2 protein chains.
Amino acid sequence: MAVTKDDNQYLDIEERVNKIFSPERGSMQFCPVKDILGHFADKWSIFTILALGKREKVRFNELKEMVEGISQRMLTVTLRSLEENGIVARKMYQEIPPRVEYWLTPLGRSLLEKILELANWSSTNMDAIVAARKQFAKKQ
Amino acid sequence: MAVTKDDNQYLDIEERVNKIFSPERGSMQFCPVKDILGHFADKWSIFTILALGKREKVRFNELKEMVEGISQRMLTVTLRSLEENGIVARKMYQEIPPRVEYWLTPLGRSLLEKILELANWSSTNMDAIVAARKQFAKKQ
DNA sequence: CCGTATCCGAAATGATACTG
DNA sequence: CAGTATCATTTCGGATACGG
């Protein structure tokens, strides 16, 4: 069996996946992929980070408008989690009425880069996915 | 590229975020980012795709071993969802005992590429995140 | 305005038992 | 082996009330 270009590509990916999960990449306490990626792999975190990427600084209620469908509670919970992990910074002004601003830290902006890639992928492959769904529905 | 990346990095990102969400990118029925990304933005999907990237074809129980902590039920549910969206292909052999193989479609492998980037980001920035968590704990 | 606290229903997930 | 079905449990998330 001749090795085609595609085969090489596949083996390359396979190697990279294994590399990420290999023990020497992470500390002994935890696997970074499981612990860290598992922390951001939820839709509210992803949509919140994308929304924060739209502007330099955003106020709480502005953010609530931008992340469609999120409740006040979930936005608070999500922002705290992102703040705890160094993705988001927060500044509260002692005014009346109060004003609180959120923005992405440099770390957060680097994560945004990767999420943007994912979002672009969604946009690019939308048609293929919709087609796959129709195909799957037929088979059932 | 003559202009350095850092100079206009922030503005560039802001523009790209807005572009993804702009109406003309998606159909009128749905926003690809919300509908599609929201579909894969859960940890079991992400870990399953990463596991499938490790090997060319994987059997159900092998996969269950590879995705640590997943239950049989959630693996089934996740695989069906990925199959429905054209990310995963499935072949069942009429043998006893039964054998079922799963693998990533070309579309799935292109998604894997993006997820790998995210996983790499986690690995690379692990230390910064752990530091941020400690810092946050102190402030509370 | 920007939260927190609480409660409650809904949804996601796990555990277990069973089947072709 | 690779599921499905069922039930129990945990978690998520919305609604509401309240406070700085």
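This one's a predicted model, so the numbers in the text were calculated from it and none came from an experiment. Throughout, protein chains are lettered first and strands after them, A, B, ... in sequence-line order, and every chain is numbered starting at 1.
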Gap between atoms NZ and P, on A/K64 and C/dG3 respectively (whole Å): 12 Å
Protein-nucleotide distance (A/K91, atom NZ; C/dG3, atom P), rounded to Å: 14 Å
Audit row: A/V67, A/T78, side-chain contact (heavy atoms from CB on, under 4.5 Å) steps and yes/no: CA-CA 11 Å; A/V67 182; A/T78 301; over 6 Å; no
OP1 or OP2 of C/dC2 under 4.0 Å from side-chain N/O of A/R90: no
Aromatic plane relationship, B/Y102 with B/F60 - under 30° parallel, 30 to 60° tilted, over 60° perpendicular: tilted
Short side-chain N/O contact from A/Y93 to OP1 or OP2 of D/dG20, under 4.0 Å: no
Integer-rounded Å distance: D/dG13 P and A/L79 CG: 14 Å
A/T105 side-chain N/O to A/G86 backbone N/O, donor-acceptor pair under 3.5 Å: yes
Spacing between B/M92 atom CE and C/dT19 atom C1', to the nearest angstrom: 12 Å
Side-chain (B/S45) to main-chain (B/A41) donor-acceptor, under 3.5 angstrom: no
B/W103-B/L112 co-clustered via ILVMFWY side chain contacts under 4.5 Å: no
Joint hydrophobic cluster, A/F136 plus B/I49, side-chain heavy atoms closer than 4.5 Å: no
Contact pattern, 5' to 3', of nucleotides 6-16 of chain C - B, S or - by protein heavy atom under 4.0 Å: -------BBB-
Within-4.5 Å side-chain heavy-atom neighbours: B/R16 and A/E113: yes
Sub-4.0 Å heavy-atom contacts from residues 94-101 of chain A onto DNA chain C, ordered by number: A/P97, A/P98, A/V100
Nucleotide D/dG3, atom P - distance to CG of B/L75 in whole Å: 8 Å
Short side-chain to backbone donor-acceptor contact, A/T76 and A/Q72, under 3.5 Å: yes
Protein-nucleotide distance (B/F60, atom CZ; C/dG20, atom P), rounded to Å: 18 Å
Lys/Arg-Asp/Glu bridge criterion (N-O < 4.0 Å) met for A/E83, A/R80: yes
